[in-house]
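What you see below is based on every heavy atom in this structure, not just the backbone, and it leaves out hydrogens, waters and symmetry mates. The model shown is predicted, which means the values in this text are computed figures rather than measured ones.
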Amino acid sequence: MSAASDSAADIAVIIVTYKSGDDIDECLTRLSDADNLQVIVVDNDSSDDSVPRLEELERRGDISTLILNYENVGFAKAVNAGIAVAKDKDVFLLNPDAQISGRDINTLRVKAQRDPSIGIIAPLVSSGPTVAVMAAGRQPTLWPLFTHFSGLARAFPDKRSFRGRHLFMAHHSREQQDVEWVSGCALFVRADVLARVGVLSERWFMYGEDVEFAHRVLKSGYRVIVTPDVQAQHLIGSSVNKAGGRISTMWAENTYDYYVSEFEPNGLQRLLWRVIFSGGMLSRALLFVARAQRDGVQKHEYLARARRFTRFSLAVWKRGS
């Protein structure tokens with residue numbers, strides 16, 4: 001089934017691609033069970049075979065609108081270009097390495113329409129059995145950061161005051177949850193909310209914009225929710241691994257920059273935030289080093305993860321005080 005024409009569509013699905021030729025077919029195939037989706041793909045100057053593949057998908061009718069950027073402008077700028085094309089439609093943001101059916105996107109739309117208090121609604125995103133946390137949680141302020149990295153959030157999952165930066169799949173994935181942020185890999189927002197709140201912040205090249213957007217939605221009086229009634233899969237890290245370079249630490253750097261810019265902490269609070277974050281990352285690095293010593297088969301994989309967490313722990317100290 002082909003994507004809907006602009007006039008016939010109720011929802012604009014915006015997908016930002018970068019070297020996503022291996023992922024985009026399956027992503028679009030899952031959308032094909034609904035005929036009211038305007039599929040807008042924005043490519044950030046891919047250097048693999050993504051562009052000819054996307055052009056073929058556009059000719060075939062699986063893509064309604066294809067925007068080809070001649071430089072990598074980052075995630076938020078690319079999304080905002082797609083929102084400009086969508087005009088006054090409801091919007092669903094979707095990563096090319098994420099999968100959800102078109103019918104499920106419509107289910108999210110119905111839920112959002114029935115409850116005007118909902119500003120953002122996201123599916124329950126699964127990233128596989130090795131990922132214990134949900135792509136949702138509380139804002140990255142000091143207390144949620146501490147409860148997450150100290151283990152309090154995992155030890156007392158039913159205590160709302162102990163909920164941390166991320167919610168845990170094992171404890172919070174069975175019922176609809178009000179949260180303070182959801183991942184931009186798969187989220188639905190109504191047109192009227194976008195008109196009131198505005199588009200994504202372009203302060204960051206990648207990472208941070210979805211958390212900031214959710215915070216703006218909350219401050220405007222709406223709710224941000226995750227529903228297990230709709231589920232999506234996300235091959236976490238697929239696009240990041242292809243991007244390479246400084247992208248590998250950008251998540252950590254931008255999370256700290258977002259905390260400083262949004263919450264304006266004093267010097268002591270900034271120091272505590274970085275100590276907690278760095279300590280949490282280093283503890284995970286040491287855990288993977290220990291696993292590498294016990295498991296020779298997966299030794300190289302565990303050591304690679306340890307190096308990654310070590311880079312995260314150091315990255316937050318690069319931005320001064």
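Ion pairing between E301 and R305 holds under the 4.0 Å rule for side-chain N and carboxylate O. Using a cut-off of 4.0 Å between Lys/Arg side-chain N and Asp/Glu carboxylate O, R216 and E212 are scored as salt-bridged. For the pair K219 and E262, the salt-bridge criterion is met [side-chain N within less than 4.0 Å of a carboxylate O].
Distance alone, capped at 3.5 Å, places no donor-acceptor pair between the R163 side chain and the G137 backbone. Side-chain N or O atoms of W273 include none that pairs as donor or acceptor with a backbone N or O of V260 at under 3.5 Å. Side-chain N or O atoms of N95 include none that pairs as donor or acceptor with a backbone N or O of D97 at under 3.5 Å. Under the 3.5 Å distance criterion, the side-chain polar atoms of N266 are matched with a main-chain donor or acceptor of Q269. Judged purely by atom type and a 3.5 angstrom limit, R109 has no side-chain atom pairing as donor or acceptor with the backbone of D90. Side chain of D43 to main chain of L66: no donor-acceptor pair is present (N/O by atom type, distance under 3.5 Å, no hydrogens or angles).
In terms of hydrophobic clustering, with Ile, Leu, Val, Met, Phe, Trp and Tyr side chains grouped at heavy-atom distances under 4.5 Å, F149 and W317 are assigned to a common cluster. The cluster map of Ile, Leu, Val, Met, Phe, Trp and Tyr, joined by side-chain heavy atoms under 4.5 Å apart, puts V133 and V125 in different clusters. Linking ILVMFWY side-chain heavy atoms closer than 4.5 Å, directly or via other members, places F309 and V289 in two distinct hydrophobic clusters.
Between F312 and W251, the ring planes are perpendicular. Angles over 60° get that label, and only those under 30° would be called parallel. Using the six-membered ring where Trp is involved, Y256 and Y259 have ring planes that are tilted, between 30° and 60° apart. Aromatic ring orientation, Y258 versus F263: perpendicular (interplanar angle above 60°, classes split at 30° and 60°). Using cut-offs of 30° and 60° for the angle between ring planes, the F188 and F92 rings count as tilted.
By the salt bridge (charged side-chain N to carboxylate O under 4.0 Å, His left out) test, K111 pairs with D229, sequence neighbours left out. Under the rule for a side chain to side chain donor-acceptor pair (under 3.5 Å), D45 has no partner lying at least two apart in sequence or in another chain. Partners of R53 by salt bridge (charged side-chain N to carboxylate O under 4.0 Å, His left out), not counting sequence neighbours, listed by chain and number: D25.
Between Q233 and E26, every side-chain heavy-atom pair lies at or beyond the 4.5 Å cut-off. Inter-residue side-chain proximity for S278 and V316 is flagged as met; some heavy-atom pair is nearer than 4.5 Å.
Here the straight-line distance linking atom CG of L218 with atom CD1 of I120 works out to 7.5 Å at 0.5 Å rounding. To the nearest 0.5 Å, atom NE2 of residue H215 and atom OG of residue S220 are 10.5 Å apart. To the nearest 0.5 Å, atoms CE (M134) and OG (S127) are separated by 11.0 Å. To the nearest 0.5 Å, atoms CD (Q139) and OG1 (T255) are separated by 10.5 Å. In this structure, H166 NE2 and W181 CH2 are separated by 4.5 Å, a value rounded to the nearest 0.5 Å. Taking CD1 of I63 as the reference point, atom CG of L28 lies at 5.5 Å (rounded to 0.5 Å).
With no hydrogens or angles considered, no side-chain donor-acceptor pair links T249 and R311 at under 3.5 Å. Defined by atom type and a distance below 3.5 Å, a donor-acceptor pair is missing between the side-chain atoms of S20 and D23.
In R154, the CZ atom is not crowded: 12 or fewer heavy atoms of neighbouring residues, nucleotides or ligands sit closer than 6.0 Å. Summarising the local packing, CZ of R59 is surrounded by more than 12 heavy atoms from other residues, nucleotides or ligands at distances under 6.0 Å. The neighbour count for Q293 CD, taken as heavy atoms of other residues, nucleotides or ligands under 6.0 Å away, is above 12.
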Side chain to side chain contact (heavy atoms under 4.5 Å, CB included), that's the test. Do N69 and V42 meet it? Break it down for me. CA-CA 7 Å; N69 289 328; V42 185; 3.5 Å; yes

After noting the C-alpha distance and the side-chain angles of R196 and D192, does the key distance pass the side chain to side chain contact (heavy atoms under 4.5 Å, CB included) rule? CA-CA 6 Å; R196 179 176 176 183; D192 62 296; over 6 Å; no

Please lay out, stage by stage, how V275 and L272 fare under the test side chain to side chain contact (heavy atoms under 4.5 Å, CB included). CA-CA 5 Å; V275 167; L272 286 173; 5.5 Å; no

Dump the intermediate steps for side chain to side chain contact (heavy atoms under 4.5 Å, CB included) on E55 and L68, then the final yes or no. CA-CA 10 Å; E55 291 174 333; L68 299 177; 3.7 Å; yes

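V193 and I118 make their closest contact through CG2-O, 4.3 Å (heavy atoms, listed as atom of the first residue, atom of the second, distance).
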